[in-house]
Amino acid sequence: MTVGEMAERVEISHRTVRYYDDEGLLPARRSAGNYRLYGEDALARMMTIRRLKPLGFTLEEMRKVLALLDAASAPSSATDPDRPQLLERLVELEADVRQRREKLEEHVAGADEIIASLRPLLP
DNA sequence: GTTCTAACA
DNA sequence: TGTTAGTA
């Protein structure tokens, strides 16, 4: 698929999809006419990126997360001599995401308080 | 009409 | 990140 379709399917602006390519976060293949081309695999990665973004991950951090996920999913992962290291990093990532999730809940609680404070002011 | 790059806001 | 300009 081209940028336009990718952007539409993941609900991210085409401008941002191109940006991710330029930044090497999710490199695209190129057609003969130099158009960016993406496969279903790329769509899955884009969705992962979309989920990471609101958690506050920087592009650099997302790059590392994607690389870790790739390494962990690779067929050779099972026999990788550094499997323990890999698993350790996955555990750390989970803890990190859990922590960010908590922060998000605090934000939601804050929003609820604002809403509650508005209630008595409204007709 | 869509995509591309570059540049400005 | 949105938008605009000039192309392919």
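Note that this is a predicted model, so its numbers are computed, not measured.
A:M62 and A:F57 make their closest contact through CE-O, 3.1 Å (heavy atoms, listed as atom of the first residue, atom of the second, distance). In terms of heavy atoms, A:L66 sits closest to A:L25 at CD1-O, 3.7 Å.
Counting non-hydrogen atoms under 4.0 angstrom, A:G33 reaches nothing in the nucleic acid.
In this structure, A:T2 does not reach the B:dT2 phosphate: none of its side-chain N or O atoms is under 4.0 Å from OP1 or OP2.
Across all strands shown, nothing is found opposite B:dG1 as a Watson-Crick or G-U wobble partner with both distances under 3.5 Å.
To the nearest angstrom, P of B:dC4 lies 7 Å from CG of A:N34. A:L37 places its CG atom 11 Å from the P atom of B:dT3, with the value rounded to the nearest Å.
Interface residues of residues 6-27 of chain A facing DNA chain C, ordered by number: A:S13, A:R15, A:T16; criterion, heavy-atom separation under 4.0 Å.
With respect to A:E92 and A:R89, no salt bridge is recorded, no charged nitrogen being found less than 4.0 Å from a carboxylate O. Salt-bridge formation is detected for the pair A:R50/A:E11: a Lys NZ or Arg NE/NH1/NH2 atom is positioned less than 4.0 Å from an Asp or Glu carboxylate oxygen. Under a 4.0 Å N-O distance rule, the pair A:R100/A:D96 qualifies as a salt bridge.
Looking at A:S76 and A:T79, their side chains never bring a donor and an acceptor atom within 3.5 Å of each other.
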